[in-house]
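Here the structure comes first, spelled out in C-alpha cells, and everything after it is commentary.
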Amino acid sequence: MIEPPLLRIGELSRRLGVSEHVLRAWERRYGVLRPVRSAGGFRLYSETDLQRIRRMQAFLSDGLSAAEAARAAVNEERSQPVAPVGPTSGLAAEAATLARALDGYDEPAAQAALDRLFGTLTVETVLRDVLLPYLHELGERWKNGAASVAQEHFASNVIRGRLAGLGRGWGHGQGPQAVLACAPDEQHDIALLAFGVVLNRHGWRIGYLGASTPVDDLVRLAAATHPDLVVVSATRPERLAPLTAQLTRLAGTAPLALAGPGATSELADTVGARLLTGDPVTAAQNVRAR
Ligand code: B12
C-alpha cells in the first residue's frame, strides 16, 4: 500500500514548532515542502516533508541561511539511495521496485510499477519524488561506473516515453501558451518534458520542441505565434553563453525563461529573461502568466 499524505499545514506547524506563515514562505521560496492536494483541495504534507524540514532546521542551527539550509536538506535527501534496504514507506518501496525493473531491463515490470505509482499518487509527486530523483541518481551511478550506458539509455527511454504520453493533447485548450525547447546541442529534454506536463496541468497549452532547437527558429516562432512564455533549457552554461545576442532578441519577442543546470541568473539578467529555479515540478507550479 502507498502511504497516504498525512498532515495539514497546522499539524505540520505544530509538530515542527515552525509557524504556518514561515512554512508557507519556505515552500514558496525554496520548494522544500512538496504537498499533494486532498480531494477537497487542501494541501497535505507527508512524513518526508516533515523530515526534510527537520533536516533544514538542523542546518539552520548550524548557522546556514534559510536558502542554504533548504538546499542542503534537499541535497542530503537526494544523495540517499533510491532503494533503501527495508523500505520505510509505500512510496519508497514502489520507487525501489521501479528502480530494480529499470536497472534490470524489465520493461513490463517497470510499466507496472509506473502504473501503480501514477494510479495512487499525483503526477507531481511521482515526477518530483520518484522519477526525477531516480534519473539524477542514475546519472551519478553512470558517472562512477556503477551503471552502464545501456542501463541509462533503457531507463531514460522508458521514463521519457511515459512523460511524452502524459503530454498527449497538451496543445488543446484556451489557457496561456508556453513554448518549450532545449538549447542548441542539448539532448537532455526529460526535465523539460516533466516541466511541460505539470505546466499543462495548471492550465497552460504546451508547444513542445524538445532537444537541440536553434534560437533563431524560436525567435521566428515567437514573432508568429505570440506565446505567453518561451522556456529554453540547458544542462551546461556553455550551451547558452554563446547565444547572448539571439536570446536577447528572443526575450524582446516573447517573455523568456531560462532553466536547467546550465542557466545562470547572470545570463538571465543580461538577456532580459527570468530564471526558473528548483526542480521542474516546483518551477512549473510557480510559473505565472504575464
Ligand atoms: C538521461 C540522461 C541522458 C540522456 C538524455 C535523454 C533525454 N531525452 O533527456 C542522453 C543519453 C541523451 C544523455 C546524453 C549525454 N549526457 Co546525460 N544524463 C542523463 C541523466 C541520467 C538524466 C537527465 C535527467 O533527465 N535528469 C533529471 C533532472 C530533473 O535532474 P537534474 O539534472 O539533477 O536537474 C536538477 C535541476 O538542474 C533542475 N532542472 C534540470 N533541468 C531542468 C529543466 C527545467 C525546465 C527546470 C525548471 C528545472 C530543471 O531540476 C533538477 C532538480 O530537481 C543525467 C543525470 C542527472 N544528474 O540528471 C545525465 C547527465 C545530465 N548527462 C551527462 C553527460 C556528461 C552526458 C553526455 C555528454 C554523455 C556523452 N559522453 O555522450 C551526453 C550529452 C548529450 C547532449 N549533447 O546533450 C552529465 C552532465 C554533466 C555536466 N554538467 O555536463 C550528467 C549530469 C550525468 C553525470 N552525473 O555526469 N544523457
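Residues: numbered from 1 along the sequence shown. One-based numbering, in listed order, for ligands and for the atoms of each. This structure is a prediction, so every number in the text was calculated from the model and none was measured. The analysis underlying the following values was restricted to heavy atoms, covering all of them including side chains, and did not include hydrogens, waters or symmetry mates.
- Here the protein heavy atom with the shortest distance to atom 57 (N) of ligand 1 is His136 ND1, 3.4 Å.
- Among His153, His188, Glu238, the residue whose heavy atom lies closest to atom 59 (C) of ligand 1 is His188.
- Every atom of ligand 1 is numbered from 1 in the order shown, and the set under 4.0 Å from a heavy atom of Gly278 is 38 (C), 48 (C), 50 (O).
- At least one protein heavy atom sits closer than 4.0 Å to atom 51 (C) of ligand 1.
- Residue contacts with ligand 1 for Lys143 involve side-chain atoms from C-beta outward but no N, CA, C or O (heavy atoms, distance under 4.0 Å).
- With ligand atoms numbered from 1 in the order given, ligand 1 contributes 8 (N) to contacts under 4.0 Å with heavy atoms of Arg160.
- Ligand 1 places these atoms under 4.0 Å from at least one heavy atom of Asp279: 50 (O), 52 (C), 53 (O).
- For Arg128, the closest heavy-atom approach to ligand 1 does not fall below 4.0 Å.
- With Thr225 contributing its side chain and Leu221 its backbone, the two residues share a donor-acceptor pair below 3.5 Å.
- At a 4.0 Å heavy-atom cut-off, ligand 1 touches Asp185 through the backbone alone.
- Atom CG in Leu247 sits 6.0 Å away from atom CG in Leu267 (nearest 0.5 Å).
- Looking at Asp189 next to ligand 1, an N or O pair under 3.5 Å apart turns up.
- Classification of Asp103 and Arg100 as a salt-bridged pair fails, no side-chain N sitting under 4.0 Å from a carboxylate O.
- Listed by number with element, the atoms of ligand 1 under 4.0 Å from a non-hydrogen atom of Leu192 are 45 (C).
- In this structure, atom 11 (C) of ligand 1 has a protein heavy-atom contact shorter than 4.0 Å.
- From the protein, the heavy atom lying nearest to atom 26 (N) of ligand 1 is Leu135 CB, 3.9 Å.
- Counting heavy atoms under 4.0 Å from ligand 1, residue Pro261 touches it through both backbone and side chain.
- Comment: Arg54 does not engage Asp49 in a salt bridge, judged by the lack of any side-chain N to carboxylate O separation of less than 4.0 angstrom.
- Protein heavy atom nearest atom 35 (C) of ligand 1, with residue, atom name and distance: Arg78 NH2, 3.9 Å.
- Remark: atom 67 (C) of ligand 1 lies closer than 4.0 Å to no protein heavy atom.
- For atom 87 (C) of ligand 1, the nearest protein heavy atom is under 4.0 Å away.
- To the nearest 0.5 Å, atom CG of residue Leu98 and atom CD1 of residue Ile159 are 6.0 Å apart.
- The closest non-hydrogen atom to atom 54 (C) of ligand 1, taken over Gly31, Cys182, Pro237, Gly139, comes from Gly139.
- Looking at Pro280 against ligand 1, both its backbone and its side chain come within 4.0 Å, counting heavy atoms.
- Within the 4.5 Å cutoff, side-chain heavy atoms of Gln285 are placed close to those of Arg128.
- In this structure, atom 37 (O) of ligand 1 has protein heavy atoms in its sub-4.0 angstrom surroundings.
- Protein heavy atom nearest atom 39 (N) of ligand 1, with residue, atom name and distance: Gly260 CA, 3.9 Å.
- Atom NE2 in His202 sits 8.5 Å away from atom CG in Asn286 (nearest 0.5 Å).
- Here's the thing with Ser156: none of its N/O atoms is less than 3.5 angstrom from an N/O atom of ligand 1.
- Close contacts between ligand 1 and Arg239 involve ligand atoms 76 (C), 77 (N), 78 (O) [criterion: under 4.0 Å to a heavy atom].
- Proximity of a side-chain donor or acceptor of Thr248 to a complementary backbone N or O of Thr244 within less than 3.5 Å is detected.
- Linking Ile, Leu, Val, Met, Phe, Trp and Tyr whenever their side-chain heavy atoms come within less than 4.5 Å puts Val126 and Val123 in one cluster.
- Looking only at distances, no side-chain donor or acceptor of Asn200 sits under 3.5 Å from a matching main-chain atom of Gly196.
- Between the side chain of Arg205 and the backbone N or O of Gly175 there is at least one donor-acceptor pair closer than 3.5 Å.
- Less than 4.0 angstrom separates some heavy atom of Glu152 from each of these atoms of ligand 1: 1 (C), 2 (C), 3 (C), 4 (C), 11 (C).
- In terms of polar-atom proximity, defined here as any N/O pair under 3.5 Å, Arg236 does make such a contact with ligand 1.
- Here the shortest heavy-atom distance to atom 42 (C) of ligand 1, taken over Gly262, Ala211, Ala191, Gly196, belongs to Ala191.
- Distance check on atom 7 (C) of ligand 1: some protein heavy atom falls below the 4.0 Å cut-off.
- Protein heavy atoms all stay at least 4.0 Å away from atom 72 (O) of ligand 1.
- Linking ILVMFWY residues whenever their side-chain heavy atoms come closer than 4.5 Å, directly or via other members, places Val198 and Val231 in the same cluster.
- With rounding to the nearest 0.5 angstrom, the CG atom of Leu16 is 4.5 Å from the CG atom of Leu12.
- Val215 and Tyr208 are not part of a single hydrophobic cluster, where members link through side-chain heavy atoms under 4.5 Å apart.
- In terms of protein heavy-atom proximity, atom 44 (C) of ligand 1 is closest to Ala259 CB, 3.6 Å.
- For Glu124 and Arg34, the salt-bridge test fails: no basic side-chain N is under 4.0 Å from an acidic carboxylate O.
- For the pair Glu76 and Arg52, the salt-bridge criterion is not met [side-chain N within less than 4.0 Å of a carboxylate O].
- Of the possible donor and acceptor atoms, none in the side chain of Ser233 sits under 3.5 Å from a partner among the backbone N and O of Cys182.
- A continuous path of Ile, Leu, Val, Met, Phe, Trp and Tyr side chains, each step under 4.5 Å between heavy atoms, connects Leu209 with Leu243, placing both in one hydrophobic cluster.
- Using a 4.0 Å cut-off between heavy atoms, Gln187 contacts ligand 1 through both its backbone and its side chain.
- For atom 85 (C) of ligand 1, the nearest non-hydrogen atom of the protein is Trp142 CZ3, 4.8 Å.
- Here is the list of ligand 1 atoms found below 4.0 Å of a heavy atom in Ala283: 47 (C).
- Within the listing of ligand 1, atoms 29 (C) sit less than 4.0 angstrom from a heavy atom of Leu132.
- A donor-acceptor distance shorter than 3.5 angstrom exists from the side chain of Asp106 to the backbone of Ala109, with no hydrogens or angles considered.
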